[in-house]
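These numbers were taken from a predicted model, which means no experiment stands behind them. Starting from 1, each residue takes its place in the sequence as its number.
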Amino acid sequence: QVQLVESGGGLVQSGGSLRLSCAASGRTFSAYGMGWFRQAPGQERSFVAGINRSGSSTYYADSVKGRFTISRDNAKNTVYLQMNTLKSEDTAVYYCTGDGWGRGPSSWNYWGQGTQVTVSS
């Protein structure tokens with residue numbers, strides 16, 4: 001089992017930045033990939049970014065490429081999502097996910113409770 005707890009969400013103005021964190025516990029953190037998804041009201045949960053076990057490989061949704069950066073610190077059992085140049089369309093609940101790979105929610109086994117990110121224009 002893996003437990004995931006997100007933090008760092010909040011209200012930010014358009015063009016601003018936020019950094020989300022996700023602390024993991026349970027299984028050995030360095031043994032599985034991590035990712036971030038988001039879900040806006042009335043929309044399906046969509047992929048944002050993913051990172052492999054060692055942190056050497058990352059991939060992003062086209063909508064956030066060049067603005068968001070996913071990283072991990074295996075010594076701290078934590079994955080991060082640095083979000084820059086935020087836009088109103090980035091407003092959503094952001095979910096940390098673990099033990100998976102790919103852009104579909106069904107490809108991932110564990111989920112956090114989510115953290116709200118609101119970007120005001």
Tell me whether Met34 is reachable from Tyr95 by hopping between hydrophobic residues (I, L, V, M, F, W, Y) whose side-chain heavy atoms are closer than 4.5 Å. no

Say whether, by atom type as modelled, one donor and one acceptor occur between the side chain of Glu6 and the main chain of Gln113 under 3.5 angstrom. yes

From Tyr80 OH over to Trp36 CH2, what is the distance, rounded to the nearest 0.5 angstrom? 10.5 Å

In the structure I gave you, are the side-chain heavy atoms of Arg38 and Val64 within less than 4.5 Å of one another anywhere? yes

With rounding to the nearest 0.5 Å, note down the distance linking OG1 in Thr78 to CG in Leu20. 12.5 Å

Nearest heavy atoms of Ser17 and Asn84, plus distance in Å: OG-OD1, 2.9 Å

Would you give the length of the straight line joining atom OG of Ser25 to atom CG of Leu4, rounded to the nearest 0.5 angstrom? 7.5 Å

Measure from the side-chain N and O atoms of Asn109 to the backbone N and O of Asp99, and report whether any donor-acceptor pair falls under 3.5 Å. yes

State, with a plain yes or no, whether a side-chain heavy atom of Ser21 is found less than 4.5 Å away from one of Lys76. no

Calculate, to the nearest 0.5 Å, the distance between atoms CZ and CE belonging to Arg67 and Met83 respectively. 9.5 Å

Shortest non-hydrogen pair, Gln39 vs Ala92, comes out as O-CB, 3.5 Å

Do Thr91 side-chain atoms and Val119 backbone N/O form a donor-acceptor pair below 3.5 Å? yes

Using the rule that Ile, Leu, Val, Met, Phe, Trp and Tyr join whenever any side-chain heavy atoms are under 4.5 Å apart, tell me whether Trp101 and Ile51 fall into a single cluster. no

Ignoring hydrogens, what is the shortest heavy-atom contact between Pro105 and Trp111? Give both atom names and the distance. O-CZ2, 3.5 Å

Do you know which two heavy atoms are closest between Val48 and Phe68, and how far apart they sit? CG1-CD2, 3.8 Å

If you define the side chain from C-beta out and look only at heavy atoms, does anything of Arg53 sit under 4.5 Å from Ser30? no

Ignoring hydrogens and angles, tell me if any N or O in the side chain of Trp108 forms a donor-acceptor pair with the backbone of Gly102 under 3.5 Å. yes

Would you check if the side chain of Arg103 reaches a backbone N or O of Tyr60 as a donor-acceptor pair within less than 3.5 Å? yes

Smallest separation among heavy atoms of Ser14 and Ser121, with atom names: CB-CA, 4.1 Å

Can you check whether Cys96's main-chain N or O pairs, donor with acceptor, with Tyr110's side chain at less than 3.5 Å? no

Ion pair check, Lys65 and Asp62, cut-off under 4.0 Å: yes

Donor-acceptor pair, Arg72 side chain versus Phe29 backbone, under 3.5 Å? yes

Between atom OG1 of Thr115 and atom CG of Leu81, what is the distance when rounded to the nearest 0.5 Å? 11.0 Å

Students often mix this up, so state it plainly: with edges at 30° and 60°, are the rings of Tyr59 and Phe47 parallel, tilted or perpendicular? parallel

Between atom CD of Gln82 and atom CD1 of Ile70, what is the distance when rounded to the nearest 0.5 Å? 12.5 Å

Cluster overlap Tyr94 with Val2, hydrophobic side-chain contacts below 4.5 Å: yes

